[in-house]
Number of protein chains: 2
Amino acid sequence: MSVAIENFVKAIYKNGKRDNNDTKPGNIAKELGISNAAATDMAKKLATKDLLNYEKYQPLQLTKKGTKMALLVIRKHRLWEALLFKMFDMSLHDIHREAELLEHQTSDFLANKISEYLGNPKFDPHGDPIPNSNGEITTKDTSVQLSNVQEGKSYIISRLMSDDKEFFDFCALNGLKYGNTLVVSKQFSNNKMTQILINNNTIVLNQDFTSIIYVNENH
Amino acid sequence: MSVAIENFVKAIYKNGKRDNNDTKPGNIAKELGISNAAATDMAKKLATKDLLNYEKYQPLQLTKKGTKMALLVIRKHRLWEALLFKMFDMSLHDIHREAELLEHQTSDFLANKISEYLGNPKFDPHGDPIPNSNGEITTKDTSVQLSNVQEGKSYIISRLMSDDKEFFDFCALNGLKYGNTLVVSKQFSNNKMTQILINNNTIVLNQDFTSIIYVNENH
DNA sequence: ATTAATTTTTAAGTAAGCTTAAAAAATTTT
DNA sequence: AAAATTTTTTAAGCTTACTTAAAAATTAAT
C-alpha cells in the first residue's frame, strides 16, 4: 500500500477521534492538504480495497481492515517518536516531522525491534498511546481536555495532542510537558480561557491550547 | 528530489565504482530493475537538472551536484545501517533492506544526529566508508579484492560489498566478518577459486565471492 | 568487413495521485 | 420555506515514473 493510502486512512482515523466522526472528504482533504476532489476520488478507490465504506455525501468509515492499517502506521509513528526522543536531543515538533516520513518506510519487523528496545512502551513522548503489533490500543484513556476541568484542582499532563511547532515551543517554554503537574487557578467566561499555575508561574491559556492539552486528576 | 531520482544517481555512483564506469543506461536499468527506456528517459530529465551529463549512447556521468546528492543518500544509508546494527540484533542483509527505504526519508539534521550518537563513525558494518555531511569521503581505501591477493599471506577483512542475503548468510556461517583475519592458503586456476583458512576452517571461495570481499594485508 | 546480436533511443501508452472547473447535493442563513 | 452558501461529486487534464514495441545506433562475431 502506498504512502498516500497510508496517510489517507490515518487521517480518517485521527479526524474521527478528534472531530467526533466528521470524516467527510472535505475534512480529510484539509488534514492532508489536498483538494476535496482528490479526497473523494481516493475514498472511492479505497472502498474497492475494503479499507473503508463509502456512501455518497456520507462520512467516510474505516473498515476493520482500514482501522488496522491506520493503527499500524500510527504505531510506527509513535515508536519512532519515542526512539528519537530518547536517543537524540530533539524537540517534540522535530521528532514528529521525522516520524511522519519514517512511519511509511518501516517494516513490522523493525517496528517490533524498536518497541522491544524501548521496553514495549505504552505511550509516546506526547502521551499518545502506542498501538500493539496487532494494531490494538489496550490502554484505556481516562484523561480529559484542559478546557473541561474544575477550578482549584491539581492535574497531571497526560497528552499534548498537536503537530504544531508554535504550540510545542510555547509548551517547552512554560513547562507544559507530559507528566508535569499543574493547578487550575481559574476558568474564565465559559471555559474559553483557563488560568493555570505551573512551575510557580501563572499563565492563561485560550481554548485553542486547552482543547489539545489532556490531563488526569492528581489524586 | 524524489526517491526515484535519489536512487538513480545512487545507482550511477555505485555502478561507476563497481564496474569501472560502465554507467550506460542499460547497466543502471538493471541495477534498479527498470527498463532501459525508463533509464534513458530519466537520464535526459536529470541532465536538465544538472545532476548528470547526458550524451547519446555515452556512459552517464554525474555532475558535482549529482555526485554530492548520491553521496548524501549513501551517507544516510550507511548511518542507518550502523545504527540498526548497533542497537538491534539484525543481520547485515536485514539492516540493508531497512536502510534502503529509510535513506530517502531522513533529513540532514537527523542524519547528523545519528552520526553524532555513533561517534561520527567512518565506516558502516560492511566496512563501507560513510561520507561526511558535505558528501565527501575522506578516508582513503587501501583494500584489495580477495580475488587479487597472494598465496600464503594473512589479511584482515575490510569490506563485504554486497546486498545479497545468500552471501551474508554464507559469511555469517563462516566467520567472514568485517575485522576478522584470514590466511590465503591457495589460489586456483588464474584466481577463479581461492582457498582460505579462517576460524580454523578451510574454505574455498569462487570469484563471485572473492570479488566482493575486500581485505587489507595483515602486517 | 559484413552480418548478427545487443543496446540505446524514440514513441506511444498506462497508473497513481494529484489539479481546476463546473454541476449536483447538502447545509446554513435569513 | 426560500435563498444563499458550502460541500461533495463529476469530469477533464496534468506530472511522475514507469511500461512495451519498434527504430536507430553501437558492439560483437564470423
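By convention in this document, chain letters (A, B, ...) are assigned in the order of the sequence lines, proteins followed by strands, and residues within each chain are numbered from 1. In what follows, every heavy atom counts, from backbone to side chain, and hydrogens, waters and symmetry copies are set aside.
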Of the options [options], whose atoms approach the side-chain atoms of [X] most closely?
X	options	result
B:Ala37	C:dA11, D:dT16, D:dT10	C:dA11
B:Tyr57	D:dA25, D:dT8, D:dC18	D:dA25
A:Met42	C:dT9, C:dC18, D:dA17	C:dC18

- Task: Classify the side-chain pair A:His104/A:Asn7 by whether it contains a donor and acceptor separated by less than 3.5 Å.
- Result: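 Indeed, the side chains of A:His104 and A:Asn7 share at least one donor-acceptor pair under 3.5 Å.
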Using OP1 and OP2 only, check whether a side-chain N or O of [X] sits under 4.0 Å from [N].
X	N	value
B:Asn36	C:dT7	no
B:Ser2	D:dA17	yes
B:Ser35	D:dT19	yes
B:Lys24	D:dT27	yes
A:Lys56	D:dT10	yes

Specify the separation, in whole Å, of atom [atom1] of [X] and atom [atom2] of [N].
X	N	atom1	atom2	answer
A:Leu60	D:dT9	CG	P	8 Å
A:His104	C:dA16	NE2	C1'	16 Å
B:Ile28	C:dT9	CD1	P	12 Å
A:Asp41	D:dA12	CG	P	13 Å
B:Lys30	C:dT8	NZ	P	10 Å
A:Ile34	C:dT20	CD1	C1'	14 Å
A:Lys49	C:dA16	NZ	P	7 Å
B:Asn7	D:dA17	CG	P	11 Å

- is_close_aromatic(B:Phe168, B:His126), centroid dist under 6.0 Å: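 Here the rings of B:His126 and B:Phe168 have centres that are less than 6.0 Å from each other.
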- Query: Looking at B:Lys24, B:Arg18, B:Lys10, which one forms a salt bridge (charged side-chain N to carboxylate O under 4.0 Å, His left out) with B:Glu31?
  - Reply: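 It is B:Arg18, the one option of B:Lys24, B:Arg18, B:Lys10 that forms the salt bridge (charged side-chain N to carboxylate O under 4.0 Å, His left out) with B:Glu31.
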- Query: Checking side-chain contact (heavy atoms from CB on, under 4.5 Å) against B:Tyr155, which of B:Ile196, B:Val149, B:Asn216 comes through?
  - Reply: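 Result: among B:Ile196, B:Val149, B:Asn216, B:Val149 is the only option passing the side-chain contact (heavy atoms from CB on, under 4.5 Å) with B:Tyr155.
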- Using a 4.0 Å heavy-atom cut-off across all strands, classify A:Phe8 as base, sugar-phosphate, or nothing.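 If one applies the 4.0 Å heavy-atom cut-off, A:Phe8 turns out to touch nothing in the nucleic acid.
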- Query: Contact class for B:Ala38 (heavy atom, under 4.0 Å): base, sugar-phosphate, or nothing?
  - Reply: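 Touches a base.
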- Query: Looking only at heavy atoms, which two atoms of B:Lys76 and B:Thr106 are closest? And how far apart?
  - Reply: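 Nearest pair, atom of B:Lys76 first, then B:Thr106: NZ-O, 2.9 Å.
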